[in-house]
2 protein chains.
Amino acid sequence: MKSSGGGRPNRITIRDVAADADVSVAAVSKVLREAYGVSASMRSKVHSSMAKLGYRPHTAARGMRGQTFTLGLILPDIRNPFFADIIAGFQDGLEGTQYQALIGINRSTSMVEEGLVDSMIDRQMDGLLIVGANDHEQLIAIAQRKPLVTIGNHHASNEVYDTVNNDDDEAARLAVRHLVDGGYRNIAMLSLITDSTIIKERERGYTDEMNRLGLSRFARIVRSDQLQSSVQNAARAILTGPDRTEALFCWTDFIALQVIGVATELGLGIPDDVAIVGHDNTMYCDFGQNSLTSVDQSGRLLGLEAARRLIERIKGRQATEHYLVSPRLVVRRSSVRNILTEPAAAL
Amino acid sequence: MKSSGGGRPNRITIRDVAADADVSVAAVSKVLREAYGVSASMRSKVHSSMAKLGYRPHTAARGMRGQTFTLGLILPDIRNPFFADIIAGFQDGLEGTQYQALIGINRSTSMVEEGLVDSMIDRQMDGLLIVGANDHEQLIAIAQRKPLVTIGNHHASNEVYDTVNNDDDEAARLAVRHLVDGGYRNIAMLSLITDSTIIKERERGYTDEMNRLGLSRFARIVRSDQLQSSVQNAARAILTGPDRTEALFCWTDFIALQVIGVATELGLGIPDDVAIVGHDNTMYCDFGQNSLTSVDQSGRLLGLEAARRLIERIKGRQATEHYLVSPRLVVRRSSVRNILTEPAAAL
DNA sequence: TGTTCTACGTGCATCGTTCTATATTTCAGC
DNA sequence: GCTGAAATATAGAACGATGCACGTAGAACA
């Protein structure tokens with residue numbers, strides 16, 4: 001009479017739990033959803049039945065009616081180890097909640113593949129975190145369908161979705177200021193051909209700070225795509241010839257490391273002939289052959305704050321929030337003249 | 001009478017499509033699933049209605065009855081850019097199918113977090129690809145619940161799940177042979193403290209090849225964990241002292257690059273004082289300051305083959321398959337004595 | 001003691017598919 | 001034109017949760 005018959009031996013359903021705990025199915029559901037109107041005794045009774053039977057809610061069934069407790073995380077490509085920090089931070093932010101993150105890789109550049117977003121919405125995900133996409137129109141459209149937070153998308157004035165960002169403007173300023181403090185004046189920036197707002201912010205910070213310090217005559221932005229050959233050509237152009245630069249701020253470490261390679265092959269000393277500063281402070285910066293000064297943006301913090309905001313959104317917050325993380329500069333040998341190896345290693 | 005009333009304006013369901021195409025709901029479902037017993041005219045009629053209405057199947061609803069066309073991809077951590085290739089290959093393998101990959105990051109080391117697997121199974125994923133996990137018992141248990149393929153797990157004799165692997169034994173042999181051909185004899189291996197079968201295979205290949213070439217007196221495996229300080233200590237131990245090595249095979253590029261850093265700081269010339277060979281042939285190998293010889297395992301191919309096999313499995317294949325990809329060595333300056341910079345660059 | 005209010009529980013319709021069992025159509029062979 | 005088999009289409013019952021609308025018990029108040 002208790003159980004609905006010994007039919008299939010397979011899945012433990014909410015019905016089995018209800019029967020075991022001797023309460024209604026709806027009551028179990030309430031406990032599950034931490035909904036209003038459940039007494040403590042009922043809660044503990046149900047919990048112990050769930051544990052005893054090894055019950056696990058069927059996400060698809062939940063998805064048909066309510067939430068799935070699944071959050072979609074869309075990343076552009078995953079080669080930059082910096083993204084691993086975002087993921088880790090995001091997962092940290094989900095710790096202790098019922099939410100699970102599932103990641104999709106977006107193969108297009110500035111937009112988000114419609115198919116990927118659709119597929120996450122089809123799968124009834126409760127909210128989306130999109131990293132690195134910039135198509136504002138598209139993001140607004142997505143935000144109308146699901147709670148949305150973005151990272152790496154400087155449209156901070158919008159009223160539709162939350163943004164979490166590194167202060168990329170400040171990042172470039174930090175790099176310029178540091179180089180100027182070290183006596184460099186002819187400072188160029190190696191940037192990316194893109195419509196990414198991150199890059200635009202970095203370029204803006206670079207230009208503004210050069211102007212502010214009265215160095216506008218040296219300001220020079222060279223843009224390249226990400227192909228190894230393009231990067232190397234750009235680097236050679238900047239590092240050779242009569243107007244070669246004294247110092248170079250690169251939009252990301254991966255590029256900066258290539259520049260170090262090119263400079264080495266050109267027989268240029270770093271930092272004596274040319275100083276180099278990167279961005280992201282990836283682990284490779286620390287290796288002896290690189291020792292690359294770099295701007296650190298805490299991916300972990302970005303991910304964590306994004307998780308927090310996304311959950312708030314799902315729980316009903318309406319007002320938009322825009323959060324900016326301050327970067328910090330990690331100085332290494334690539335940008336500091338006249339430091340001997342020994343004392344530097346002792347630090 | 002046709003439509004079920006103008007109730008909610010929201011979602012286009014299979015019912016709306018059926019009404020529009022003037023056929024039964026079941027017929028539409030059959031078209032969707034490419035099931036047997038659908039005439040060409042019916043198929044095209046239904047397809048055009050779907051396109052016209054912009055119908056998208058509701059994955060949660062599908063999950064309640066049949067498949068979700070979602071595949072779970074579990075990765076260990078994502079810092080090694082090599083994983084990006086696996087993902088890309090896997091997605092390539094899904095191109096043109098209805099399947100979508102969703103990725104979960106496993107934070108534990110050799111095992112798979114139970115929570116992650118459970119959550120993918122709760123979400124009714126049709127199959128799982130697990131990369132880098134080694135707990136055979138656990139994998140067998142998982143395979144009993146869902147179609148399973150693994151990458152980076154050398155339990156090729158099992159009869160329960162498919163494996164796709166780099167030939168890690170051969171990878172180490174390639175490295176040793178190359179170094180011996182170049183005149184090196186005292187060749188050590190820098191390995192990892194782990195129970196990963198990948199690493200065990202590489203160690204076996206190294207040891208066997210050293211023995212085969214009569215160099216067993218030089219064979220020496222030093223194991224370290226992944227902490228930067230541990231790696232550097234291990235590198236120093238191998239590179240200094242009376243029994244310092246002439247050549248070093250490192251289990252992965254990231255470690256090899258750190259060794260290059262340590263060697264540089266010790267004032268050792270590469271490759272004249274010590275030759276270094278890495279594994280994975282990540283993009284960093286190519287940079288001038290590294291120019292690291294490395295064993296290339298095609299992550300793309302691994303991912304592609306895994307996707308193919310997983311889908312076959314889902315479609316009902318019972319027999320187990322174990323696929324091995326042959327690695328190839330990419331030679332750069334770090335392991336070849338007496339090559340001038342100029343001719344090498346000209347290659 | 002009767003009335004109102006609140007907190008807690010419950011029954012049942014519902015979500016959008018799949019799939020079984022059954023009905024209908026088509027057509028070759030006579 | 002009839003028969004039966006093969007091919008194609010259909011109705012409707014699941015699947016496992018959620019959450020509305022409602023019922024009930026007991027406390028609070030007069």
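Below, all heavy atoms of this structure are taken into account, side chains as well, without hydrogens, waters or symmetry copies. Below, read A as the first sequence line, B as the second, and so on, with proteins coming before strands; counting in each chain starts at 1.
Between A/Arg56 and B/Asp122 there is a salt bridge, since a side-chain N of the basic residue sits under 4.0 Å from a carboxylate O of the acidic one. No salt bridge links A/Glu305 with A/Arg300; every basic N to acidic carboxylate O contact stays at or beyond 4.0 Å. Salt-bridge annotation for A/Arg145 and A/Asp118: present, with a side-chain N of the basic residue lying under 4.0 Å from a carboxylate O of the acidic one. Under 4.0 Å is where a charged nitrogen must lie from a carboxylate oxygen, and between B/Glu34 and B/Lys30 no such pair does.
Checked against A/Met50 for a side-chain contact (heavy atoms from CB on, under 4.5 Å), the options A/Asp16, A/Ile12, A/Val17, A/Asp20 give a single hit: A/Val17. Results of the side chain to side chain donor-acceptor pair (under 3.5 Å) test with A/Asp162 over A/Arg309, A/Arg317, A/Arg308 single out A/Arg317 as the only residue that passes.
One end of the helix from C/dT1-D/dA30 to C/dC30-D/dG1 points its axis 30° away from the other end's axis, with each axis taken from 5 pairs and the angle rounded to 10°.
Heavy-atom distances to DNA chain D give each of B/Ser24 and B/Met64 a nearest nucleotide, and the one nearer the 5′ end belongs to B/Ser24.
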Along nucleotides 17-23 of chain D, 5' to 3', which nucleotides get a B, which get an S, and which get a -, given that the test is a protein heavy-atom distance under 4.0 Å?
BBB----
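Rounding to the nearest 0.5 Å places CD1 of A/Ile130 at 5.0 Å from CG of A/Leu148. Distance OG1/B/Thr150 to CG/B/Leu128: 11.5 Å, rounded to 0.5 Å.
What separates CE of B/Met42 from P of D/dA7 is a distance of 17 Å, to the nearest Å. Atom CE in B/Met50 sits about 15 Å away from atom C1' in C/dG16, given to the nearest Å.
Within the 4.5 Å cutoff, the side chain of A/Phe82 has heavy atoms near those of the A/Gln297 side chain.
Under the 6.0 Å distance and 45° angle rule, A/Arg62 does not count as a cation-pi partner of A/Phe69.
If you check residues 114-125 of chain A against DNA chain C, you find no residue with a heavy atom closer than 4.0 Å.
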